[in-house]
2 protein chains.
Amino acid sequence: MGRTAHSRKPDSSEPPRPRTAAAKPAQSPPPAPAPKRRLSASDRRREIVAKSIEYFAKVGFEGGTRELARHLGTTQPLLYRYFPNKDALIQEIYKVVYLDQWKASWDHLLTDASRPLRARLQIFYEDYTDAILNPQWMRIYFFAGLKGVSINERYLALVEERILSRILREFQRECGLVPPERLDPHDLEIAWHLQGGIFYYGVRRFVYRTPVHLPKSAMITDALDVFFAGYRSVLDRRRDAPAKA
Amino acid sequence: MGRTAHSRKPDSSEPPRPRTAAAKPAQSPPPAPAPKRRLSASDRRREIVAKSIEYFAKVGFEGGTRELARHLGTTQPLLYRYFPNKDALIQEIYKVVYLDQWKASWDHLLTDASRPLRARLQIFYEDYTDAILNPQWMRIYFFAGLKGVSINERYLALVEERILSRILREFQRECGLVPPERLDPHDLEIAWHLQGGIFYYGVRRFVYRTPVHLPKSAMITDALDVFFAGYRSVLDRRRDAPAKA
DNA sequence: TGTTGTATTTATCGATCGATAACAAGCAGG
DNA sequence: CCTGCTTGTTATCGATCGATAAATACAACA
């Protein structure tokens, strides 16, 4: 209990507080570039979420709220005006990162029978991996998964339903087969292998920061080449020996 | 400063301390099963490492030393007699988990030209994945990777050198080709895709605890089927159009 | 059986964490 | 300008963290 009342007397120990953020040498009073203090509630909330994603993706969810506030350019208790506690903020991050990413156009692209599947998948995976194969998404994904958050399971279910099942059905249709109501577990795992192989490329690049040997789109091309020829051959062999007990 | 001298008087408030661990109903005084307190230095150190792997794999490296000690059945300061600080213990865990896992027999298996590669890879991957596709190994692996530990990069280099390069060279040899000194980056990424797809099966099962559709060995069979047919077709196509600028 | 060395525990420190209360500053409608 | 609501800050609490020092329990040897 050293100092009694604080009261922050505005004496002349500091310059008049530039009122934006850091010390900007030239004058740039209110225009546009860095509209700092006194945001509206919704703007501030958005900014907290956005910067929190950056911050937690870097250091993990064990990162402190004080350092997070510093990264935001504000003070720590301000966070608690917008979120009741740290975990509520984290939940919000999950929602934004996981579920607000799916583009409606992908649904159409994956099921558009007017173009060959091979071309559609090339476009889809190049676009889809733009959304998830980046340090932020991947690191949040793994931090959450290791914490045992149920939202990860939901995400995997979404991948299987919206991506993998459709790929398999479209593939079989192109082979002249009629896809069964429930997909063969072997086929599902083969599709997961495709997805996982592409995903692991992102792990190597963005989680482990290891040099890779090809740019993303070339990797996708090769992965799809192998998948198309390989899965085709599996289907052929299955047709030749249908009832192999 | 409540109680002054503690002194732990051996009064009759407890039974005479079974001296092993928990309450074992029957008598089993010193033989072998659970030799608890007063371990030799090397035994204690080994046990600390082993139980720490379990503990940190469960909760991550942010887990507290007190709870770790509880999991060990000892007290927290004891850890600091065997490791100068928490990070030294973690480094030891990395070493044990990452580098003391490679079996010498795998080297031979992967390069043994007297058997078809397909059969060798089936055996290798079933054995190799026994070692790494389990909750402990995978979770330690990801916790470490997200912390940015350099040992992960070393591990990836080891995988590429000891597994993937050999697979590619053996594959090409079986196709009647002579493997180049430096492998084609496309081939390396195709091999990484195989590895990553198998690995991601483990991620789904043991990190995200999601149900999978096939047991491990069936998944390996399918993955190798697709890889062999798919990579073969890639090599064929490359031979037919060698100088495709 | 007493001595001695080591394994183990009790008690505690300083730093840091999430969270809260109380206060100050910005911005609108009169 | 003043008044009142909202945004933002200062100061601080209690819990918990990693780590250390001092005291104690155990075991082997004399």
Side-chain angles (χ1 to χ4, degrees), chain A residues 1-11 14 16-21 29-30 35-48 51-52 55-56 59-70 72-91, chain B residues 1-11 14 16-21 29-30 35-48 51-52 55-56 59-70 72-91:
Chain A
M1 294 97 172
R3 68 207 110 163
T4 49
H6 44 58
S7 82
R8 198 190 208 313
K9 24 185 152 65
D11 62 3
E14 299 184 25
R17 256 302 185 71
R19 186 183 196 146
T20 59
K36 263 293 143 84
R37 318 192 1 162
R38 197 81 183 179
L39 297 188
S40 82
S42 61
D43 285 352
R44 178 64 79 185
R45 192 186 155 91
R46 243 190 307 276
E47 175 161 310
I48 289 177
K51 295 286 182 87
S52 295
Y55 173 68
F56 287 128
V59 305
F61 293 116
E62 321 280 346
T65 53
R66 272 162 246 265
E67 198 183 328
L68 167 58
R70 210 175 308 133
L72 271 156
T74 68
T75 57
Q76 180 240 8
L78 187 64
L79 300 170
Y80 291 87
R81 186 166 293 278
Y82 294 89
F83 296 92
N85 50 49
K86 187 184 176 183
D87 202 62
L89 170 57
I90 293 177
Q91 294 299 326
Chain B
M1 292 99 167
R3 67 206 111 164
T4 48
H6 43 58
S7 81
R8 197 189 211 311
K9 21 187 153 65
D11 60 4
E14 297 183 26
R17 250 314 181 65
R19 187 183 197 145
T20 59
K36 261 295 139 87
R37 319 197 355 169
R38 197 80 181 182
L39 296 189
S40 81
S42 61
D43 285 352
R44 178 65 78 187
R45 191 188 155 92
R46 242 190 309 275
E47 175 161 309
I48 289 178
K51 296 283 183 87
S52 296
Y55 173 69
F56 287 130
V59 306
F61 293 117
E62 320 281 344
T65 52
R66 270 164 248 263
E67 196 182 330
L68 166 58
R70 210 175 309 131
L72 271 156
T74 67
T75 57
Q76 180 239 7
L78 187 64
L79 300 170
Y80 291 87
R81 185 163 294 276
Y82 293 90
F83 296 92
N85 51 47
K86 186 184 176 182
D87 202 62
L89 171 57
I90 293 177
Q91 294 299 327

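Naming convention: chains lettered A, B, ... in sequence-line order (proteins, then strands); numbering from 1 in each chain.
With sequence neighbours excluded, the residues satisfying salt bridge (charged side-chain N to carboxylate O under 4.0 Å, His left out) with B:Arg45 are B:Glu92. Residues meeting the ring-ring contact (aromatic ring centres under 6.0 Å, His included) test with B:Phe61, sequence neighbours left out: B:Phe56, B:Tyr94. Residues passing the side-chain contact (heavy atoms from CB on, under 4.5 Å) test with A:Arg70 are A:Glu67, sequence neighbours excluded. Annotation: side-chain contact (heavy atoms from CB on, under 4.5 Å) contacts of A:Arg66 (sequence neighbours excluded): A:Gln76.
Backbone-only engagement by A:Thr74 is indicated by non-hydrogen atom pairs under 4.0 Å involving sugar-phosphate atoms exclusively. In this structure, A:Tyr82 reaches the sugar-phosphate backbone alone: every heavy-atom distance under 4.0 Å involves primed, P, OP1 or OP2 atoms, never a base.
Protein atom CD of B:Glu67 is 10 Å distant from nucleotide atom P of D:dG18, rounded to whole Å. Atom pair A:Leu79:CG and C:dC17:C1' shows a separation of 13 Å (rounding to whole Å applied). For A:Leu39 and C:dA25, the CG to C1' distance is 15 Å, given to the nearest whole Å. Rounded to an integer number of Å, the gap from A:Glu47 CD to D:dT7 P is 15 Å. Rounding to whole angstrom units, CZ of residue A:Arg70 and C1' of C:dG18 are separated by 15 Å. The interatomic distance linking A:Leu78 (CG) with D:dT7 (P) rounds to 10 Å, in whole Å. What separates CD of A:Glu62 from C1' of C:dA15 is a distance of 17 Å, to the nearest Å. Remark: C1' of C:dG18 and CZ of A:Phe83 are 16 Å apart, rounded to the nearest angstrom.
Counting only heavy atoms from C-beta on, B:Thr75 has its side chain closest to C:dT9 among C:dT6, C:dT9, D:dT7.
A heavy-atom distance below 4.5 Å is not found between the side chains of A:Asp43 and A:Glu47. For the pair A:Leu68/A:Lys86, no side-chain contact is recorded, criterion being any heavy-atom separation below 4.5 Å from C-beta on. The shortest distance between side-chain heavy atoms of B:Leu78 and B:Leu72 does not fall below 4.5 Å. A:Thr65 has its side chain out of reach of A:Leu89: every pair of non-hydrogen atoms, C-beta onward, lies at least 4.5 Å apart.
Using modelled atom types, one side-chain atom of A:Tyr55 and one backbone atom of A:Gly64 make a donor-acceptor pair closer than 3.5 Å.
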Could you list, one pair per line, each protein nitrogen or oxygen that sits under 3.5 Å from a nitrogen or oxygen of nucleotides 28-30 of chain C, together with the distance?
none

Protein-nucleic acid N or O pairs under 3.5 Å, nucleotides 19-22 of chain C:
residue, atom, partner, partner atom, Å
C:dA19, OP2, A:Tyr80, OH, 2.7
C:dA19, OP2, A:Lys86, N, 2.8
C:dA19, N7, A:Gln76, NE2, 2.9
C:dA19, N6, A:Gln76, OE1, 2.9

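Side-chain nitrogen and oxygen atoms of A:Arg44 include at least one within less than 4.0 Å of the OP1 or OP2 phosphate oxygen of D:dG8.
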